[in-house]
Amino acid sequence: MPSMADTKSLSREMGGDYATVRAVLEFITERWRDQPSLEEIADRIGMSPMHLQRVFHRWAGLTPKQFLQALTLDHARELLRDSASVLDTTFEVGLSGPARLHDLFVVHEAMTPGAYRAGGRGLIIRWGFHPSPFGLALVMVTEHGLAGLAFSDPGEEAAALDDMTRRWRQADYVEDRAAIEPYCARIFDPARWSPETPLRIVLIGTDFEVRVWETLLAIPLGRATTYSDIAAHIGKPSAARAVGTAVGKNPVSFVVPCHRVLGKTGSLCGYHWGLTRKRAILGWEAGVTATATA
């Protein structure tokens, strides 16, 4: 088991690696038709091909070529294979049970509708920013568990905090790095994903939103689903657009995996924290999946 010092060092290192990964993804998005080589990418980023290869392997357990293959349309369509039945199967084995197997081993509860309508009045939310594999993470916790997880690019911290605090206007917010650090260590280090130490989260939203977010928890690592399949699963087949809105309002990014919702054709569609980050998360998860099945 890594020490807290080791975890902090790893987190800072991976946070730095994300800046490189982000630059690569932005370049590839501009030049994807040209299929640039590793040497061309490295030259654009300003590092040697060997160094770039090392960064990607440290960050995702993949080479740059493998990482980019995980972001192709063909791969996205493979993630969507049997999307609807994947949701059904996961619920059949017991989504709400405390021992439900999720890649992060999550147990969850929902705030009462009255508490949500009160705008979080009486709720103390402790928050802080912390390095993550996907840039700076804004982590928000309550006595009930993790309530918020957002991401920020450099210089956008205030905007991310404002975005999240506007969701529960009446809550009391306390900056508390010590309170959020154990959650960061647990969330972003796959070596700590264990059923013996389940990650507790609390969902704060409308009844409809919570049903959508609970369905997102049913999407396993290495798979994806669509807005229409979620709508059908919750018994609202004509509500795909409303489902999309609820997915976009998911307050616990990454842990409640809204990044695993794609268009029917495999297109990425939107992501509240940016499509570059969505590509990065999906590529990183491909590395975790490859390691787990090796």
Side-chain angles (χ1 to χ4, degrees), residues 7-30 44-47 55-56 59-60 67 71 119-120 125-142 146-181 183-189 201 203-205 209 213 216 244-261 268-285:
T7 297
K8 288 180 180 178
S9 175
L10 176 65
S11 182
R12 284 193 296 270
E13 189 173 72
M14 295 185 80
D17 290 347
Y18 176 69
T20 299
V21 171
R22 180 184 174 205
V24 169
L25 285 173
E26 289 172 347
F27 176 53
I28 291 296
T29 300
E30 296 171 8
R44 171 65 177 265
I45 302 306
M47 62 176 58
V55 167
F56 266 83
W59 180 79
F67 177 80
L71 302 179
I125 298 180
R126 301 183 183 278
W127 63 273
F129 285 95
H130 196 280
S132 85
F134 316 110
L136 207 55
L138 169 59
V139 179
M140 313 181 87
V141 302
T142 74
L146 179 72
L149 175 57
F151 295 105
S152 170
D153 291 321
E156 298 177 0
E157 295 89 344
L161 181 60
D162 180 64
D163 181 294
M164 294 298 288
T165 55
R166 279 189 287 110
R167 298 165 188 248
W168 314 295
R169 294 181 183 275
Q170 303 303 316
D172 294 318
Y173 292 92
V174 179
E175 185 174 7
D176 188 343
R177 283 289 304 271
I180 65 107
E181 282 187 353
Y183 285 88
C184 299
R186 172 65 172 75
I187 292 166
F188 297 115
D189 183 359
I201 68 172
L203 302 177
I204 309 174
E209 287 168 348
W213 301 336
L216 295 179
T245 300
V247 169
K249 292 173 67 177
N250 167 33
V252 193
S253 300
F254 183 69
V255 172
V256 178
C258 52
H259 58 276
R260 297 179 194 158
V261 184
L268 292 188
C269 299
Y271 187 61
H272 190 76
W273 305 108
L275 283 179
T276 295
R277 186 167 278 106
K278 184 171 184 174
R279 290 186 179 96
I281 294 174
L282 289 171
W284 186 88
E285 288 190 338

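The shown structure was predicted, so the numbers you read here are calculated from the model rather than taken from an experiment. In this chain, numbering begins with 1 at the start of the sequence shown.
- The minimum heavy-atom distance linking A137 with S132 is given by the pair CB-CB, 3.9 Å.
- Residues passing the side chain to side chain donor-acceptor pair (under 3.5 Å) test with W168, sequence neighbours excluded: none.
- With hydrogens and angles ignored, the 3.5 Å screen pairs a side-chain donor or acceptor of Y173 with a backbone N or O of T165.
- Partners of F67 according to the ring pair (Phe, Tyr, Trp, His ring centres under 6.0 Å) rule, which considers only residues two or more places apart in sequence or in another chain, are F56, W59.
- The minimum heavy-atom distance linking A171 with I125 is given by the pair CB-CD1, 3.9 Å.
- Residues passing the side-chain contact (heavy atoms from CB on, under 4.5 Å) test with S253 are F151, Y271, W273, sequence neighbours excluded.
- Separating the NE2 atom in H259 from the CG atom in L275 is a distance of 13.5 Å, to the nearest 0.5 Å.
- Remark: D172 engages no residue in a side chain to side chain donor-acceptor pair (under 3.5 Å) (not counting sequence neighbours).
- Residue pairs meeting the salt bridge (charged side-chain N to carboxylate O under 4.0 Å, His left out) criterion with at least one partner in residues 150-164, sequence neighbours excluded, are R22-D153, D153-R277, D162-R166, D163-R167.
- To the nearest 0.5 angstrom, I180 atom CD1 is 5.5 Å from H130 atom NE2.
- If you take CH2 on W127 and CD on E175, they are separated by 3.5 Å, rounding to the nearest 0.5 Å.
- Taking SG of C184 as the reference point, atom CG of D189 lies at 12.0 Å (rounded to 0.5 Å).
- Residue I45 comes nearest to T20 through the heavy atom pair CG2-CG2, 4.2 Å, listed as atom of the first residue, atom of the second, then distance.
- Heavy atoms only, all atoms of each residue included: N250 and C258 are closest at ND2-SG, 3.2 Å.
- The two atoms that bring G128 and R177 nearest to each other are CA-CD, 4.2 Å, heavy atoms only.
- Take S152 and apply the side chain to side chain donor-acceptor pair (under 3.5 Å) test, not counting sequence neighbours, and it matches no residue.
- Expressed to the nearest 0.5 Å, how far CD1 of I201 lies from OH of Y183 amounts to 10.5 Å.
- Atom NZ of residue K278 and atom CG of residue L71 lie 12.0 Å apart, to the nearest 0.5 angstrom.
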